[in-house]
Asker: 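The structure's right below; bear with me while I get my questions together.
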Number of protein chains: 2
Amino acid sequence: MTDAHDLLFKTLSDPTRRAIFERLCRGGEQTVGALTTHAGVSQPAVSKHLGILKHAGLVRDRHEGRQTHYSAQLGALAPLVDWTKEMASFWESRFDDLEDLLRRMDQ
Amino acid sequence: MTDAHDLLFKTLSDPTRRAIFERLCRGGEQTVGALTTHAGVSQPAVSKHLGILKHAGLVRDRHEGRQTHYSAQLGALAPLVDWTKEMASFWESRFDDLEDLLRRMDQ
DNA sequence: TCAATCCATAGCCAACGGGTTATTGATTTT
DNA sequence: AAAATCAATAACCCGTTGGCTATGGATTGA
């Protein structure tokens, strides 16, 4: 029930939280303070989101003095990629729009 | 704010709803009754989930007499694939586990 | 025509989730 | 040593969500 897919989809379904993750993907490691500046919500809210992201394996934290640096863990997205591929595989050559999707997936 | 990514992640974040979508991907077109049999929730609950899936473009419905047939629309997953690829692109050659992810994505 | 079936909608309720302010612990800075 | 800064936790609030039962509209079968 609480499998990997669930955890990933649930974690990424909140826009604020996803924005934090996106920022970490774009900009690399950042402190809670830096993230809070752009998050549009309070510092406790950001900390809570980071905790959830960490629980899903999507970020790492590194303590340095009184600040905590967070960084994205791209590998955690693998189950999501696998799930999408699995859904696509069920459809092998069933519909035309499969072509388009496969083109996107293969780059 | 309510962009395509949001709608997709939110729609797929519920396990019951995702299970319905997965079933449609695996088994192709099915009626509400058939889906209800395996969903583990009431028929109205299934109808509600189907409505949400439809709103996200993930399923189509086809009316035939008094029954409604639903089928998955794989193409709607494209934004999800694109988002994942975008996140990965931000990380180009930053970490070792990128290798692994790219291997999965390229099949 | 009347009964039965299929699905959607309405209305309700309990649980969850994301936000806030207040506070605490830990580390710097003065 | 005292003050200030940083991040996490606690306690709380409120809107959303996912479930249910009850009902209705449409179609099919008797």
Side-chain angles (χ1 to χ4, degrees), chain A residues 1-3 5-24 27-73, chain B residues 1-3 5-24 27-73:
Chain A
M1 189 88 342
T2 306
D3 61 358
H5 300 146
D6 233 61
L7 195 57
L8 272 182
F9 277 115
K10 274 215 176 358
T11 300
L12 293 171
S13 68
D14 179 73
T16 303
R17 190 157 54 232
R18 199 172 57 254
I20 292 175
F21 178 71
E22 290 180 8
R23 170 164 278 268
L24 287 173
E29 188 181 83
Q30 290 169 61
T31 67
V32 175
L35 292 169
T36 300
T37 303
H38 306 93
V41 293
S42 67
Q43 173 266 312
V46 171
S47 280
K48 202 187 281 189
H49 283 305
L50 287 169
I52 295 171
L53 285 168
K54 181 181 173 184
H55 184 250
L58 286 164
V59 301
R60 284 184 72 244
D61 60 343
R62 181 175 68 80
H63 298 283
E64 185 181 329
R66 65 186 166 188
Q67 42 194 3
T68 310
H69 298 259
Y70 281 87
S71 54
Q73 291 291 102
Chain B
M1 189 86 340
T2 306
D3 60 357
H5 300 147
D6 232 60
L7 195 57
L8 272 183
F9 277 115
K10 274 215 180 351
T11 300
L12 294 172
S13 67
D14 180 75
T16 304
R17 190 157 54 231
R18 199 171 57 254
I20 292 174
F21 178 70
E22 290 179 8
R23 172 164 276 267
L24 287 174
E29 188 181 84
Q30 289 169 62
T31 67
V32 176
L35 292 170
T36 299
T37 302
H38 306 93
V41 293
S42 66
Q43 174 267 311
V46 172
S47 280
K48 202 188 281 189
H49 282 306
L50 287 169
I52 295 172
L53 285 167
K54 181 181 173 184
H55 183 252
L58 285 165
V59 301
R60 284 184 73 242
D61 60 344
R62 182 175 67 83
H63 299 281
E64 185 181 330
R66 65 187 166 186
Q67 42 194 3
T68 310
H69 299 259
Y70 282 88
S71 54
Q73 291 290 103

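What you see below is based on every heavy atom in this structure, not just the backbone, and it leaves out hydrogens, waters and symmetry mates. Just so it is clear: chains get the letters A, B, ... in the order the sequence lines come, proteins before strands, and each one is counted from 1.
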Asker: Between atom CZ in Arg18(A) and atom P in dG17(C), what is the gap in whole Å?
Answerer: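 After rounding, the gap between these two atoms is 17 Å.
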Asker: To the nearest Å, give me how far apart CG (Asp61(B)) and C1' (dT9(C)) are.
Answerer: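 Checked: the CG to C1' distance equals 15 Å.
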Asker: Any side-chain heavy atom of Leu50(B) sitting closer than 4.5 Å to one from Asp61(B)?
Answerer: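 No, too far: nothing below the 4.5 Å cut-off.
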Asker: From C-beta outward on Tyr70(B), which listed nucleotide comes closest to its side chain: dG18(D), dT29(C), dA8(C)?
Answerer: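 Nearest to the side-chain atoms of Tyr70(B), counting from C-beta on, is dA8(C).
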Asker: How many Å lie between CD on Glu64(B) and P on dA26(D), as a whole number?
Answerer: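 It works out to 19 Å between those atoms.
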Asker: Hey, does Leu24(A) have a side-chain heavy atom less than 4.5 Å from the side chain of Leu58(A)?
Answerer: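 When only atoms from C-beta onward are counted, Leu24(A) and Leu58(A) do not touch, as no gap falls below 4.5 Å.
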Asker: In terms of the nearest nucleotide of DNA chain C, which residue is placed more toward the 5' end: Arg17(A) or His69(B)?
Answerer: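 Nearest-nucleotide comparison on DNA chain C picks His69(B).
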Asker: Categorize Ala45(A) for me: base, sugar-phosphate, or nothing, with a 4.0 angstrom heavy-atom threshold over every strand shown.
Answerer: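 Result for Ala45(A) = base.
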Asker: Using a heavy-atom cut-off of under 4.0 Å over every strand shown, decide if Ser42(B) touches base, sugar-phosphate, or nothing.
Answerer: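 Base contact - Ser42(B) has a heavy atom under 4.0 Å of at least one base atom.
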Asker: Where the side chain of Arg66(B) is defined as all heavy atoms beyond and including C-beta, which of dG11(C), dT20(C), dT27(D) is the nearest nucleotide?
Answerer: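 Of dG11(C), dT20(C), dT27(D), dT27(D) is nearest to the side chain of Arg66(B).
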Asker: Between C1' on dA7(D) and CZ on Arg62(A), what's the gap in Å once rounded to a whole number?
Answerer: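 So the CZ-C1' distance, Arg62(A) to dA7(D), works out to 15 Å.
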Asker: Indicate yes or no: at least one non-hydrogen side-chain atom of Asp6(B) is less than 4.5 angstrom from one of Asp3(B).
Answerer: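 Yes, side chains in contact.
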Asker: Quick one, Lys10(A) and Pro15(B) - any side-chain contact, counting heavy atoms below 4.5 Å?
Answerer: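 The answer is yes; the side chains approach within 4.5 Å.
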Asker: Could you give the CZ-to-P distance, from Phe9(B) to dG18(C), as a whole number of Å?
Answerer: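 About 14 Å, once rounded to whole Å.
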Asker: Counting any heavy atom closer than 4.0 Å, what does Thr31(B) reach on the DNA or RNA strands: base, sugar-phosphate only, or nothing?
Answerer: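 It contacts sugar-phosphate atoms only.
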Asker: Expressed as a whole number of angstroms, how long is the span from Leu53(B):CG to dT17(D):P?
Answerer: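 In whole Å, dT17(D) P lies 14 Å from Leu53(B) CG.
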Asker: Arg18(B) side chain to Leu12(B) main-chain N or O, any donor-acceptor pair under 3.5 Å?
Answerer: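 Yes; at least one donor-acceptor contact below 3.5 Å.
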Asker: With a 4.5 Å cut-off on side-chain heavy atoms, are His55(A) and Leu7(A) touching?
Answerer: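 Yes. Closest side-chain heavy atoms under 4.5 Å.
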Asker: Among dC20(D), dA22(C), dG18(D), which nucleotide has an atom closest to any side-chain atom of Pro44(A)?
Answerer: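 Side chain of Pro44(A) sits closest to dA22(C).
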Asker: Considering just the side-chain nitrogens and oxygens of His49(B), establish if one lies under 4.0 Å of OP1 or OP2 belonging to dT17(D).
Answerer: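 His49(B) to dT17(D) OP1/OP2: no side-chain N or O under 4.0 Å.
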Asker: Tell me what Gln67(B) touches on the nucleic acid: a base, only sugar-phosphate, or nothing, going by heavy atoms under 4.0 Å.
Answerer: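 Gln67(B): backbone/sugar contact only, no base atoms under 4.0 Å.
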Asker: Which nucleotide sits closest to the side chain of Ile52(A): dT21(C), dG18(C), dT5(C)?
Answerer: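 My answer, after comparing the listed nucleotides, is dG18(C).
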Asker: Rounded to the nearest Å, what distance is computed from the NZ atom of residue Lys48(A) to the P atom of nucleotide dC16(C)?
Answerer: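 Result: 14 Å.
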Asker: Atom CG of Asp6(A) and atom P of dG18(D): how far apart are they, to the nearest Å?
Answerer: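 Spelled out: CG on Asp6(A) to P on dG18(D) is 12 Å.
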Asker: Any idea which of dT5(C), dC7(C), dA8(D) is nearest the Gln43(B) side chain?
Answerer: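 That would be dC7(C).
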Asker: If you compare every side-chain N and O of Thr68(B) against the phosphate oxygens of dA8(C) (OP1, OP2), does one of them come in below 4.0 Å?
Answerer: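 Thr68(B) to dA8(C) OP1/OP2: side-chain N or O found under 4.0 Å.
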Asker: Look at the side chain of Ser47(A) and decide which nucleotide, out of dC7(C), dG18(C), dA7(D), has an atom nearest to it.
Answerer: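 From the listed options, dA7(D) comes nearest.
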